Amino acid sequence: MFIEIKQLTKAYNKYLAVNKIDFQIEKNKTVGLLGPNGCGKTTTIGMILGLVTPSSGEIFLDNKNINSFPRDQILNRFNFASPYVELPKKLTVIQNLEIYGRLYGLNNLNQRINDISSDLDIKNFFYRKTGELSSGQKNRVSLAKSLINQPEILLLDEPTASLDPDIGDFVRSYIQEYKSKNKVTILLASHNMSEVERLCDSVIMMRSGKIIDKGTCKDLIKKHGRNNLEETFLKLVRSKDEF
Amino acid sequence: MNFRKIYALGLRHLYLIMNSFPRVLDLIYWPTVQIFLWGFISKFFTLNSEYYSNTVGVILTAAILYDFLFRASISFNMMFLEEIWSRNFTNLFIAPIRIREIIAALTLTAILRTLIGLVPAVLIAIPLFGVSVLSLGIPLIFLLLALYLFGITLGLLVTSGLLRYGPSFENIAWASLFFLAPLGCIYYPIEILPETLQIIAKGLPLVHIFEEMRSILMNNVVNYANILKSISISGIYFVLGVIVFYISYFGAKKRGTLINMGE
């Protein structure tokens with residue numbers, strides 16, 4: 001298994017943000033991480049990225065504990081995008097991409113910036129300050145930054161939140177297209193169920209720090225007797241059942 | 001250490017300065033105001049104080065050196081705060097750059113910000129007040145080194161506080177140097193302080209730096225042992241600052257504050 005999460009737990013004093021979760025992600029698959037606000041999705045992503053120290057449990061990458069890799073070596077294989085994390089606003093788009101390209105140690109930096117910018121259609125605002133861009137433009141720049149190092153593992157936290165349907169669809173189509181052309185494993189946290197159905201090979205449902213169900217979208221919909229993933233999600237998160 | 005990554009992070013702050021004329025103006029404005037203020041005070045004391053008679057520029061040189069310390073520390077803090085204000089913190093900490101490379105990048109870039117602010121002010125002081133810090137001679141390099149190390153240490157301690165307590169610690173960043181200034185004996189000899197405070201003050205490099213500066217300017221005597229002592233004390237504080245920064249970083253990871261650090 002490419003990524004394996006074992007009994008991962010994060011406690012803040014007595015509050016359990018993530019409670020003994022287990023899941024695996026196969027190489028080059030896209031897995032959706034679903035759950036209501038505060039269910040532990042971002043904390044889980046934070047632990048995988050090394051931003052949050054787990055209280056207990058382990059994360060394995062290629063059967064090796066993630067802690068056994070040097071910090072820079074492991075982070076070279078990852079990248080992350082979220083509308084809640086921004087790039088320096090006073091720097092132009094190209095300056096931001098240059099800085100992150102350098103931080104990721106790219107040798108063919110100009111070529112990479114050129115390629116990714118053409119794909120994401122951001123060249124026409126290359127020389128504008130990032131803080132002056134619209135949400136949709138910022139989102140695409142953020143996505144460009146997250147793909148600059150051609151990561152093996154891409155973590156996306158609500159990548160289309162606050163985007164209009166047109167731009168949202170552009171981003172989803174781009175992720176789909178990028179995945180078809182590149183070897184990348186994606187963990188996608190989202191509240192957009194149609195997005196998850198469209199992009200994910202399987203989903204993990206979380207509630208109150210626990211995994212309450214997982215499987216392919218089709219299997220989960222069928223298992224819970226609902227018509228679509230949104231209804232399944234609502235049933236699971238509103239259920240009083242203890243999992 | 002990967003110098004390409006250190007350069008990349010330095011470049012991020014260089015672009016920030018280059019992209020904003022008001023930012024450059026802000027860097028130059030405050031040191032210049034300081035030089036004017038202390039220049040006139042210095043002139044007044046030179047004419048009216050027995051202690052400072054015939055020692056034109058002692059107070060102004062002290063003000064310039066203190067401002068160098070202040071700018072070094074604030075520059076380090078500001079670069080860290082910029083990451084928080086721009087909500088770029090998470091991007092920075094998930095980039096494959098080691099913590100020691102982040103510290104090195106901020107330390108090396110802080111000198112640039114400091115010099116942008118201070119060099120014009122220092123140059124203004126020469127024709128306006130007839131005072132040049134260069135009159136300290138070769139020891140100036142060592143005094144600046146001791147000041148810079150201590151300034152960066154204060155920056156490290158403040159940024160450690162930012163990691164530990166979040167952006168609310170920002171006000172401390174501005175207050176940190178004013179807190180130590182009375183003990184630094186910048187404008188007066190250590191004997192002015194009560195005995196208990198003298199003991200504490202001697203544990204800081206500032207007293208040794210500014211005593212040495214006065215000794216050179218007023219008596220033309222250079223005591224390299226004293227200069228070495230000030231660099232050594234600064235070096236010890238710097239190492240402690242780095243340790244505190246690492247402790248705060250690991251503490252922040254434990255508390256999960258790195259992922260939510262923002263405005």
Side-chain angles (χ1 to χ4, degrees), chain A residues 10-13 17-18 42-55 69-92 94-96 98-107 109 127 129-131 142 145-146 148-149 151 155 157, chain B residues 1-24 26 78-102 105 109 163 246-247 249-263:
Chain A
K10 182 63 196 175
Y12 295 111
N13 296 322
V18 174
T42 305
T43 305
T44 303
I45 288 176
M47 286 192 278
I48 295 171
L49 285 169
L51 288 170
V52 179
T53 307
S55 303
F69 295 93
R71 174 188 150 86
D72 53 338
Q73 205 183 87
I74 193 80
L75 288 174
N76 245 328
R77 301 172 68 179
F78 281 87
N79 215 321
F80 171 68
S82 163
Y84 311 112
V85 175
E86 293 181 16
L87 290 165
K89 298 177 184 68
K90 305 288 180 191
L91 265 59
T92 63
I94 192 160
Q95 284 173 340
N96 269 317
E98 182 197 344
I99 299 300
Y100 277 95
R102 287 178 184 276
L103 284 175
Y104 281 90
L106 300 190
N107 291 321
L109 182 59
Y127 299 99
K129 287 183 181 166
T130 311
S142 181
K145 174 257 152 193
S146 74
I148 195 124
N149 61 326
L155 294 111
D157 192 6
Chain B
M1 287 272 192
N2 183 329
F3 288 98
R4 286 176 69 188
K5 290 179 184 180
I6 293 171
Y7 172 70
L9 196 53
L11 197 62
R12 177 253 190 274
H13 292 285
L14 189 65
Y15 281 152
L16 189 67
I17 296 167
M18 282 163 50
N19 285 0
S20 169
F21 178 66
R23 211 175 280 265
V24 178
D26 185 58
M78 280 298 292
M79 288 189 290
F80 202 76
L81 279 165
E82 291 278 4
E83 306 296 359
I84 296 175
W85 291 333
S86 62
R87 296 173 68 192
N88 180 46
F89 209 76
T90 304
N91 277 329
L92 177 66
F93 278 90
I94 62 152
I97 180 165
R98 294 176 184 195
I99 301 304
R100 61 173 177 263
E101 288 163 352
I102 294 178
T109 317
L163 279 171
Y246 268 91
I247 292 169
Y249 166 71
F250 288 114
K253 277 178 66 169
K254 210 172 169 183
R255 281 183 302 279
T257 48
L258 287 183
I259 205 158
N260 293 318
M261 189 79 75
E263 280 179 272

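A note on names: the letters A, B, ... follow the listed sequences, proteins ahead of strands, and every chain is numbered from 1. No hydrogens, no waters, no symmetry mates; every other heavy atom, side chains included, goes into these values. Given the structure is predicted, the values throughout are model-derived calculations rather than measurements.
Looking only at distances, no side-chain donor or acceptor of A/Lys10 sits under 3.5 Å from a matching main-chain atom of B/Gly256. A/Asn76 contributes no side-chain N or O that, together with a main-chain N or O of B/Pro96, makes up a donor-acceptor pair within less than 3.5 Å.
The shortest heavy-atom contact between A/Arg71 and B/Phe93 is NH2-O, 3.0 Å.
For A/Phe78, no part sits under 4.5 Å from any heavy atom of chain B, backbone or side chain. Both the backbone and the side chain of A/Thr42 come within contact range of chain B, each with at least one heavy atom under 4.5 Å from a heavy atom of that chain.
Heavy atoms from other residues, nucleotides or ligands lying under 6.0 Å from CZ of B/Phe3 number 12 at most.
Side-chain contact of B/Asn91 with A/Lys145: a donor-acceptor pair under 3.5 Å is present, judged by distance alone.
Your options are A/Met47, A/Glu98, A/Lys129, and the one with the most heavy-atom pairs under 4.5 Å with chain B is A/Glu98. Among B/Lys254, B/Met18, B/Lys253, the residue with the largest count of heavy-atom pairs under 4.5 Å with chain A is B/Lys253. Counting heavy-atom pairs closer than 4.5 Å to chain A, the top residue among B/Ile94, B/Asn2, B/Ile6 is B/Ile94.
Note that CD1 of B/Ile259 is 6.5 Å distant from CG of A/Leu49, once rounded to the nearest 0.5 Å. Interatomic distance, CZ of B/Arg98 versus CG of A/Asp72, reported as 4.0 Å (0.5 Å rounding). Atom CZ of B/Arg23 sits about 6.5 Å away from atom NZ of A/Lys90, to the nearest 0.5 Å. Within the model, atoms CZ of A/Arg102 and CD1 of B/Ile97 stand 13.0 Å from one another, a figure rounded to the nearest 0.5 Å.
Between B/Asn88 and A/Tyr100 the shortest side-chain heavy-atom distance falls below 4.5 Å. When side chains are defined from C-beta on, A/Val52 does not count as touching B/Leu258, because their heavy atoms never get closer than 4.5 Å. Using a 4.5 Å heavy-atom threshold, the side chains of B/Arg12 and A/Leu103 count as separate.
Pairs of residues two or more places apart, or lying in two chains, that qualify as salt bridge (Lys or Arg N to Asp or Glu O under 4.0 Å) and include a residue from residues 76-88 of chain A are A/Asp62-A/Arg77, A/Arg77-A/Glu152, A/Glu86-A/Lys89, A/Glu86-B/Arg87.
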